[in-house]
Amino acid sequence: MYSDDDAAALYDVLNPWALCDDFYLSHVMAAEAVLDVGCGTGMMLHRARQEGHTGRLCGVDPDTASLRRARVREDVEWIEDRAEGMDFEAEFDLAFMASNAFQVFVSEAELRESLTAIRAALREGGSFVFGTRAPSARGWERWRPENATEVVDHRGRALRVEHRVEEVTAGTVTFTETIATREGEVLRVDRSTLRFLNADEIDAQLAATGFTVAERYGDWHRGPLTPASHNIVTVARAV
């Protein structure tokens, strides 16, 4: 009842430009060749072109509907693929994953294969920038129906978007997102699982796939990572 194209458009409504996007954009604008892994609807690379980026911009995402929205700009490369399926070889100065997309790598094999492909895409000394929710903050405890978001979508429909956690296991959280009318008619239910890694676990994965951590922050203001931080923001280098 609520199509993939509708869901992709709603994502942009629910996720307007924010401080985290300024952080990523600062890295994008400083790099000549940029790879956006999990580019979604292409907001970041669209903005980079608008801000005057003249180098190579490439976005990769497995979601067809999101890429349809991204492809309104033809001066960016758009590739439909998963991270582990990429076959670039030393072509980029920067790779990044925005919107906590790093957490979609749930299995050990998927995470290692994806990081290996990202490392292969980077030139030596290139940067891999990403953020993830800190497991110590237990952010999923706020993913409850009573914390639902009410929004008007791209077609003018008044909607309610709510989340409900189904299972919390060792390092992963499975939850549903329900899109409904404000009157309660359910239009769509999607189920997702995210992986929550702490900084030490992230560092071990990076070291095993050819990276070293160059910078680490606990927020998008570049503040230090502390036990109270809600985010783990990482700038890694390809070695």
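In what follows, every heavy atom counts, from backbone to side chain, and hydrogens, waters and symmetry copies are set aside. Sequential numbering from 1 along the given sequence is applied to the chain's residues.
- In this structure, Glu74 places its CD atom where only 12 or fewer heavy-atom neighbours from other residues, nucleotides or ligands lie under 6.0 Å away.
- Met97 and Ile202 fall within a single hydrophobic cluster, where Ile, Leu, Val, Met, Phe, Trp and Tyr are joined by side-chain heavy atoms under 4.5 Å apart, directly or via other members.
- Counting all heavy atoms, side chain and backbone alike, Cys39 lies closest to Gly59 at SG-C, 3.6 Å.
- Scanning all heavy atoms of the two residues, the minimum distance from Ser136 to Pro227 falls at OG-O, 3.6 Å.
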Yes or no on side chain to side chain contact (heavy atoms under 4.5 Å, CB included) for Glu113 and Phe105, after CA distance, side-chain angles and deciding distance?
CA-CA 10 Å; Glu113 291 170 9; Phe105 302 141; over 6 Å; no

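- The distance from the CG atom of Asp190 to the CZ atom of Phe175 is 9.5 Å, given to the nearest 0.5 Å.
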Mind running salt bridge (charged side-chain N to carboxylate O under 4.0 Å, His left out) on Arg216 and Asp203 for me, showing each step along the way?
CA-CA 10 Å; Arg216 171 63 53 67; Asp203 293 352; 2.7 Å; yes

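- The local environment of CZ in Arg222 is crowded, with over 12 non-hydrogen atoms from other residues, nucleotides or ligands closer than 6.0 Å.
- With values rounded to the nearest 0.5 angstrom, Asp75 atom CG is found 5.0 Å from Arg49 atom CZ.
- How far CD of Gln50 is from CG of Leu45: 11.0 Å, rounded to the nearest 0.5 Å.
- To the nearest 0.5 Å, atoms CG (Leu35) and CD1 (Ile79) are separated by 8.0 Å.
- Residue Leu10 is found in a hydrophobic cluster whose other members, listed by chain and number, are Met1, Tyr2, Val13, Leu14, Val151, Leu159, Val161, Ile179, Leu187; membership requires side-chain heavy atoms under 4.5 Å apart, directly or through intermediates.
- Within 6.0 Å of CG in Asn147 there are more than 12 heavy atoms belonging to other residues, nucleotides or ligands.
- Ser66 places none of its side-chain heavy atoms less than 4.5 Å from the side chain of Tyr11.
- For Asp61 (side chain) and Thr64 (main-chain N/O), no donor-acceptor pair under 3.5 Å exists by modelled atom type.
- Hydrophobic clustering (side-chain heavy atoms under 4.5 Å, transitive across Ile, Leu, Val, Met, Phe, Trp, Tyr) groups Val233 together with Leu19.
- Shortest non-hydrogen contact noted between Asp200 and Asn198 is N-OD1, 3.1 Å.
- Ion pairing between a basic and an acidic side chain is recognised when a charged N comes within 4.0 Å of a carboxylate O; Arg188 and Asp6 show no such pairing.
- In the model, Thr172 has no side-chain atom that pairs as donor or acceptor with a side-chain atom of Arg195 under 3.5 Å.
- With contacts defined as side-chain heavy-atom distances shorter than 4.5 Å, the pair Trp143/Val173 qualifies.
- The shortest distance between side-chain heavy atoms of Val60 and Phe88 falls below 4.5 Å.
- Remark: side-chain polar atoms of Ser114 are not paired, donor with acceptor, to backbone N or O of Leu111 under 3.5 angstrom.
- The two atoms that bring Ile232 and Ala199 nearest to each other are CD1-N, 3.8 Å, heavy atoms only.
- Across all non-hydrogen atoms, the minimal contact from Met44 to Val28 is CG-CG2, 4.3 Å.
- Residues Tyr217 and Leu94 share a single hydrophobic cluster, defined by chaining ILVMFWY side chains whose heavy atoms lie under 4.5 Å apart.
- No chain of hydrophobic side-chain contacts below 4.5 Å, direct or via other Ile, Leu, Val, Met, Phe, Trp or Tyr residues, connects Val106 to Ile118.
- Considering CZ of Arg47 and CZ of Arg73, their distance stands at 12.0 Å, rounded to 0.5 Å.
- The shortest distance between side-chain heavy atoms of His163 and Arg142 does not fall below 4.5 Å.
- Follow the hydrophobic side-chain contacts under 4.5 Å out from Val104 and you never reach Met43; the two are in separate clusters.
- Ring pair Tyr24/Trp220 is tilted by interplanar angle, where 30° to 60° counts as tilted.
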Donor-acceptor pairs under 3.5 angstrom involving side-chain atoms of residues 123-134: please list them, not counting sequence neighbours.
residue, atom, partner, partner atom, Å
Arg123, NH1, Asp93, OD1, 2.7
Arg123, NH1, Asp93, OD2, 3.1
Arg123, NH2, Glu91, O, 3.1
Ser127, OG, Arg237, NH1, 2.5
Arg133, NH1, Gln103, OE1, 2.9

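- Summarising the geometry, atom CZ belonging to Arg164 is positioned 15.0 Å from atom OG1 belonging to Thr174; distances are rounded to the nearest 0.5 Å.
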Walk me through whether Arg82 and Glu110 qualify under salt bridge (charged side-chain N to carboxylate O under 4.0 Å, His left out).
CA-CA 10 Å; Arg82 302 181 66 83; Glu110 183 182 19; 2.8 Å; yes

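- Applying the salt bridge (charged side-chain N to carboxylate O under 4.0 Å, His left out) rule to pairs touching residues 175-186 yields Glu150-Arg182, sequence neighbours excluded.
- For the pair Arg138 and Phe196, the minimum side-chain heavy-atom distance is 4.5 Å or more.
- Pairs of residues two or more places apart, or lying in two chains, that qualify as salt bridge (charged side-chain N to carboxylate O under 4.0 Å, His left out) and include a residue from residues 7-30 are Asp12-Arg69.
- Residue pairs that meet the ring-ring contact (aromatic ring centres under 6.0 Å, His included) test with at least one member in residues 35-74, sequence neighbours left out, are His46-Trp78.
- In plain terms, the two heavy atoms of Ala117 and Ala83 that are nearest each other are CB-O, 3.4 Å.
- Evaluation of the side chain to side chain contact (heavy atoms under 4.5 Å, CB included) rule for Thr209 yields Arg112, Leu115, Thr116, Phe211 as partners, not counting sequence neighbours.
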